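Working notes, beginning with the structure itself.
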Amino acid sequence: MKKILLSLLLILAAGYLFGQSLREQLEEIAIIDQKVMVPMRDGIRLATDIYRPKTNEKVPIIFSRTPYNFNSWGDGEERTRTYQQALEAVKKGYAYVVQNERGRYYSEGEWDILGIPLTDGYDAFSWMSEQEWSNGKIGTLGCSSTAEWQMAVAALDHPSHAAMVPMGYGAGIGTVGDFYEQGNWYRGGAFQMLFASWLYSVEHDKFKPRIPAGASQEDLIRISKFYDLAPENPAVDDMMAAMSHLPVQDMLVNMGGKKEIFDKMIRRKPNDPAWFEGGLYHEDMEMNKPSFWFVSWYDVSVSPNLTLFNHLRNHPNKKVADNQYLVIAPTLHCGYKRATENTMVGEMSVGDARLNYDEMIYGWFDHWLKNDGKNDFLEELPRVQYYLMGKNEWRSADSWPPKDAKMTSLYLDSDGNANSLFGDGKLSLSPPTQSNQDNYTYDPNNPVYSYGGNVCCMGNSMETGAQDQQEIETRSDILVYTSEPLTEGIEVSGFIEMSLYVSSDVKDTDFTIKLIDVYPDGTAYNLDETIQRARYREGYDKEVFMKEGETYQIDLSPLSTSNYFAKGHRIRIEVSSSNFPRFMRNLNTGGNNYDETEGIVAHNTIHHSADLPSQIKLPIVGNLNIEDR
């Protein structure tokens, strides 16, 4: 066996030395079977590429199912990535199988988000496990769209689905805990506009050229070498302007795109039955697969992702609960392996955030797909690995949040003028002793523009990640509440909770919050943000409109971070009523918003007093000590 491994290493080394292409390196060690048309139960065939070791032994499978193009002929990052992933898997003794969802590229049928029906994933597992070269164990792997389908299919409990590694998987979560995001479509009942940009860039047209039904594998391989069915929509020079179009339901058509999927989804309310019929995972669905979860601090759905991990950690079956592991990196969406010795997330350096992801992932798959869970890999793997920004170091914990994180309230206060960076808004450890309020105007024709944020897929419409908020905080329609400088550093790691007491002169409006780390020189980096549509303050199964002159409690969906606020730093939150185009503007009418072209101005108020204690609750490791001024 050692001689075989040594020979394999020599072959690979020779390939690198003499400039072999990835394809040529694969051909040395792998059986390559491309454009295999795998049949589903309804007769639709899905295009599948298979790369497996040259051996007579049965091997486990790493399976990636995707809506994206993996045609491996020609140049380009996607093509190179497929061969790189296949080469790595084969070298480690796995078959690597990649398959397009139905209706994508060479796969037959019509596409919908998450590649429904769910049975396609189940049928693919059955087909793979029955191949003569398969050992019957399958692990699923992928980030974003190659991860999001995994949870709901895992709930079908195929016996060959032995383990999974979902990364950046939030758009596959429908409802869990406090979150009713329906696959990142909503947050707090407000549409997350990333889907408009994403659908414009990826959706195939129903009038696309199609391969004749029943085409042979030989014909598919031949034509794929010069024709890969990849559409390329015209670039949108100003995505911000495109997203400003009203009515929202016509936004994609106005860009020159198509609207079939967008048109039906933009009309769904958060509790529409259609959200529960597709490919989303909901917490009432049984799931028991061993899972290694990967999350990013500056991803679009960090809080729902972490909540799902905790949901499974609290599973009544201890075996299921014990087989859940988590990594939280300080990167943008799917940016794990792009971390460097000086990792930048927006404008902020988070230091050396590298981690040996490949070693951990293959250790995980070796454990479940090769060794039947009988090695000591899990004994050495921390339950939770998280990156503490500010300290810029990896930490480990037995749970999330860390057990020694204690919730501590900071109360909003002012003398009635928290408007902008130059106002008198403050965060204090004690509730206000006097009754006060801060008023501001929200005009949907002049929204607060998104600058930085935990998001993906927004094209050129906004800067993402951590950005210095000082300039945008000069706006009077942003309320700024800041603590005094810290007398010693503190770690904030976990879920951040917020309660606001609000009133307005309109039936419906939004309330937004950002959590910010303020440096001694005034630099103000955003950590996370959220939004709540007032009509859904009592739940997403009903709409309850506001009445002028009445005050309401708004509990926003929790934020998440792990950040070290160093000595001399200050904690800040921004409160407003828009964060656009990160979130769709509320037109304040109480109407549908998506089919309206005119909005009205809202005059909104944040109350803070002993009786109306607007506050933010931080999970603090240690004691919070603030200068007394």
Side-chain angles (χ1 to χ4, degrees), residues 297 348 388-393 395 401-438 466 468-470 473 478-501 512-530 555-556 558-576 606-629:
W297 284 133
M348 182 176 70
L388 176 58
M389 298 180 292
K391 279 283 190 179
N392 293 348
E393 60 189 29
R395 296 280 182 92
K403 291 179 181 177
D404 51 354
K406 305 300 181 185
M407 297 303 288
T408 303
S409 289
L410 283 173
Y411 297 91
L412 282 60
D413 200 0
S414 78
D415 291 328
N417 182 29
N419 306 74
S420 87
L421 176 65
F422 309 113
D424 58 15
K426 57 185 178 182
L427 291 176
S428 304
L429 283 168
S430 301
T433 57
Q434 296 182 337
S435 178
N436 251 317
Q437 63 187 45
D438 292 303
D468 186 357
Q469 301 295 305
Q470 290 181 92
E473 288 172 347
I478 299 177
L479 304 182
V480 179
Y481 300 92
T482 310
S483 74
E484 296 295 348
L486 305 181
T487 58
E488 57 185 88
I490 59 162
E491 175 183 345
V492 175
S493 290
F495 296 102
I496 296 103
E497 301 171 2
M498 294 139 296
S499 290
L500 298 178
Y501 290 87
T512 65
I513 280 188
K514 287 184 189 176
L515 175 65
I516 294 166
D517 183 355
V518 183
Y519 288 54
D521 66 358
T523 302
Y525 286 132
N526 52 294
L527 296 171
D528 199 1
E529 74 274 324
T530 193
D555 295 320
L556 290 89
L559 305 178
S560 292
T561 196
S562 178
N563 187 70
Y564 183 78
F565 290 81
K567 178 181 178 180
H569 285 222
R570 292 176 291 166
I571 301 168
R572 173 178 292 167
I573 65 167
E574 295 175 8
V575 178
S576 191
I606 304 298
H607 300 269
H608 37 81
S609 67
D611 294 330
L612 303 173
S614 293
Q615 62 188 280
I616 182 169
K617 295 180 180 180
L618 301 173
I620 293 177
V621 178
N623 297 312
L624 176 58
N625 295 301
I626 299 174
E627 284 187 13
D628 185 12
R629 292 188 180 182

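A quick note: this is a predicted structure, and the numbers were derived from the prediction, not measured.
Heavy-atom minimum distance, I496 versus P619: CG1-CD, 3.7 Å. Of all non-hydrogen atoms in Y564 and E491, the two that sit nearest each other are CD1-N, 4.0 Å.
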From CA spacing to verdict: side-chain contact (heavy atoms from CB on, under 4.5 Å), M389, S562: CA-CA 6 Å; M389 298 180 292; S562 178; 5.8 Å; no
Step-by-step side-chain hydrogen bond (donor to acceptor under 3.5 Å, both in side chains) determination, Q434 to N436: CA-CA 6 Å; Q434 296 182 337; N436 251 317; 4.7 Å; no
Audit row: L556, L500, side-chain contact (heavy atoms from CB on, under 4.5 Å) steps and yes/no: CA-CA 8 Å; L556 290 89; L500 298 178; 3.9 Å; yes
L527/F565 under side-chain contact (heavy atoms from CB on, under 4.5 Å): CA gap, chis, key distance, verdict: CA-CA 11 Å; L527 296 171; F565 290 81; 3.6 Å; yes
Step-by-step side-chain contact (heavy atoms from CB on, under 4.5 Å) determination, T482 to V480: CA-CA 7 Å; T482 310; V480 179; 3.7 Å; yes
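In this structure, CG on N623 lies 6.0 Å from CG on N625, to the nearest 0.5 angstrom. Once rounded to the nearest 0.5 Å, the distance linking OG of S435 with NE2 of H607 reads 8.5 Å. Atom-to-atom distance recorded for L427:CG and I616:CD1 is 7.0 Å, nearest 0.5 angstrom. Rounding to the nearest 0.5 angstrom, the gap separating the CD atom in E488 from the CD1 atom in I626 is 11.0 Å.
Side-chain contact check for S609 and D611: no donor-acceptor pair (N or O, by modelled atom type) lies under 3.5 Å.
Partner of H569 under the side chain to side chain donor-acceptor pair (under 3.5 Å) criterion, chosen from T523, D517, N563: D517.
Looking only at side-chain heavy atoms (C-beta outward), F495 and P401 come within less than 4.5 Å of each other. Between M498 and L515 the shortest side-chain heavy-atom distance does not fall below 4.5 Å.
By the side chain to side chain donor-acceptor pair (under 3.5 Å) test, E529 is found to be paired with R582, residues two or more places apart in sequence or in another chain being considered. Contacts of D438 classified as side chain to side chain contact (heavy atoms under 4.5 Å, CB included), with partners at least two apart in sequence or in another chain: S414, A418, L479, Y481, H608. A search for side chain to side chain contact (heavy atoms under 4.5 Å, CB included) contacts involving E393 returns K391, R395, not counting sequence neighbours. By the side chain to side chain contact (heavy atoms under 4.5 Å, CB included) test, Q469 is found to be paired with Y451, Q467, I472, E473, K514, I516, A524, N526, E574, residues two or more places apart in sequence or in another chain being considered. By the side chain to side chain contact (heavy atoms under 4.5 Å, CB included) test, T512 is found to be paired with I531, S576, N579, residues two or more places apart in sequence or in another chain being considered.
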Only distances under 3.5 Å count here; give the side-chain donor-acceptor pairs of residues 402-413 to other protein atoms, sequence neighbours excluded, each with its distance to 0.1 Å.
unit_1, atom_1, unit_2, atom_2, d
T408, OG1, K406, O, 3.4
S409, OG, Q615, OE1, 2.7

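With hydrogens and angles ignored, the 3.5 Å screen pairs a side-chain donor or acceptor of S483 with a backbone N or O of I571. Of the possible donor and acceptor atoms, none in the side chain of S428 sits under 3.5 Å from a partner among the backbone N and O of S430. In terms of modelled atom types and a separation under 3.5 Å, the side chain of D528 and the main chain of S560 share a donor-acceptor contact.
Within a 6.0 Å sphere centred on CG of D521, heavy atoms belonging to other residues, nucleotides or ligands number more than 12.
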